[in-house]
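The basis for the numbers below is simple: all heavy atoms, side chains too, and nothing from hydrogens, waters or symmetry mates.
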Amino acid sequence: MTSDSAQHPYTVVAFSGSIRSGSSNTGLLHLAARVAPPELRVMIDTTVVDLPWYDPDLEGSLPDVAADWRRTVEDADALVIGLPEYNFGPSALAKNAIDWLTRPLGQHALRGKVIALVTSGGGGGGSRVQGTIAPVLSLLGNTVVEEPVVQIARGAERLSADGTTDDSEIVDVVTAKMAALLVALRAR
């Protein structure tokens, strides 16, 4: 075991379902990486923006970016997903990234992971999107860390894309979410 793996025994891949340059959902990931317990090695992955639309016809010969994305997630212990809410559901970007991980059934990369969902949005903070995605992720054999709920209302006003904020409530809830992620990883 290397010293880095001894210091950070769990690898966490974080990705944002937003491509906005000022995305507060991306900001939640940067904040999560900063406040994560030392046992968690959080890597923010931005390659999901390069994924082509999921197409089952490509399964026989995966595009390199899709193959790399699957390997990255297969090698991880956990995921943190920054989920914007569009029309009460996930963004097309987030859904596409998940679709590439969940096919073909029986051989998919997204199983046995611990997953934390964090959302930032309008007045509801993305309150509906977590309820649409969490059951799907659980059904695929993952543990979704549901508490504490991170749904930041008016996040764009309270959190920058680099994860800086003056709002101690946001820092506290994201810190608690990352601690809960570690507890779930240890319990596997």
Side-chain angles (χ1 to χ4, degrees), residues 12-37 40 42-54 69 73 76 78-102 110 113-140 142-184:
V12 180
V13 172
F15 79 92
S16 178
S18 177
I19 58 173
R20 269 188 350 99
S21 61
S23 170
S24 53
N25 283 285
T26 302
L28 284 171
L29 302 180
H30 287 286
L31 177 59
R34 276 200 305 278
V35 300
L40 302 179
V42 180
M43 301 178 305
I44 298 175
D45 190 294
T46 59
T47 61
V48 296
V49 300
D50 298 322
L51 288 168
W53 291 114
Y54 175 75
W69 173 233
V73 172
L79 292 173
V80 177
I81 305 173
L83 277 174
E85 180 180 289
Y86 296 157
N87 299 315
F88 306 136
S91 66
L93 178 67
K95 180 70 168 71
N96 190 52
I98 291 168
D99 286 346
W100 275 109
L101 297 173
T102 59
L110 192 55
K113 307 298 177 194
V114 175
I115 302 174
L117 304 173
V118 295
T119 60
S120 170
S127 61
R128 292 180 181 93
V129 70
Q130 290 191 28
T132 63
I133 291 295
V136 173
L137 298 172
S138 294
L139 180 68
L140 292 167
N142 300 290
T143 301
V144 178
V145 178
E146 300 204 18
E147 297 291 332
V149 175
V150 177
Q151 296 170 345
I152 309 301
R154 294 175 308 285
E157 300 168 15
R158 303 167 62 200
L159 177 71
S160 70
D162 68 1
T164 56
T165 183
D166 294 330
D167 191 325
S168 62
E169 288 179 37
I170 294 173
V171 174
D172 291 347
V173 74
V174 173
T175 301
K177 185 68 148 197
M178 297 307 287
L181 180 74
L182 178 58
V183 168

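Annotation: side-chain hydrogen bond (donor to acceptor under 3.5 Å, both in side chains) contacts involving residues 126-136, sequence neighbours excluded, comprise Thr119-Gln130. For residues 91-100, the pairs satisfying side-chain hydrogen bond (donor to acceptor under 3.5 Å, both in side chains) are Lys95-Asp99, with sequence neighbours left out.
Closest of all the heavy-atom pairs between Val129 and Pro84 is CG2-O, 4.0 Å. Shortest non-hydrogen contact noted between Ala14 and Leu29 is CB-CD2, 4.0 Å. For the pair Val13 and Ala76, the tightest heavy-atom approach, listed with the atom from each and the gap, is CG2-CB, 3.6 Å. Residues Ser24 and Ser120 come closest through the heavy atom pair OG-OG, 2.6 Å. Minimum interatomic distance between Ala94 and Leu83 (heavy atoms only, all atoms of both residues): CB-CD2, 3.7 Å.
Here CZ of Phe15 is found 11.0 Å from OG1 of Thr26. Values are rounded to the nearest 0.5 Å. Considering CD1 of Ile115 and CG of Asn142, their distance stands at 4.0 Å, rounded to 0.5 Å. For the atom pair Tyr86 OH and Leu93 CG, the distance stands at 8.5 Å (nearest 0.5 Å). Distance CG/Leu31 to CG/Asp162: 10.0 Å, rounded to 0.5 Å. Note that CG of Leu28 and CD1 of Ile81 are 13.0 Å apart. Values are rounded to the nearest 0.5 Å. The line from CD1 of Ile152 to CD of Glu157 is 12.5 Å long, rounded to the nearest 0.5 Å.
The one candidate from Leu182, Leu40, Leu79 that meets the side chain to side chain contact (heavy atoms under 4.5 Å, CB included) condition with Val12 is Leu40.
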Using a 3.5 Å cut-off and no angle test, enumerate the donor-acceptor pairs between side-chain atoms of residues 168-179 and protein atoms at least two apart in sequence or in another chain.
from, atom 1, to, atom 2, distance (Å)
Thr175, OG1, Val171, O, 2.7
Lys177, NZ, Val145, O, 2.8
Lys177, NZ, Pro148, O, 2.9

Let me check something: any side-chain donor-acceptor pairs from residues 44-52 under 3.5 Å, sequence neighbours excluded? List them with distances.
from, atom 1, to, atom 2, distance (Å)
Asp45, OD1, Thr47, N, 2.8
Asp45, OD1, Thr47, OG1, 2.5

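Using a 4.5 Å cut-off on side-chain heavy atoms (C-beta onward), Val80 and Val42 make no contact.
For Tyr54, the side-chain hydrogen bond (donor to acceptor under 3.5 Å, both in side chains) partners at least two apart in sequence or on another chain are Glu59. Partners of Asp167 by salt bridge (Lys or Arg N to Asp or Glu O under 4.0 Å), not counting sequence neighbours, listed by chain and number: Arg158.
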**OP:** Using the side chain to side chain contact (heavy atoms under 4.5 Å, CB included) rule, take Arg34 and Thr164 through it: C-alpha gap first, then chi angles, then the decisive distance, then the call.
**Re:** CA-CA 10 Å; Arg34 276 200 305 278; Thr164 56; 4.2 Å; yes
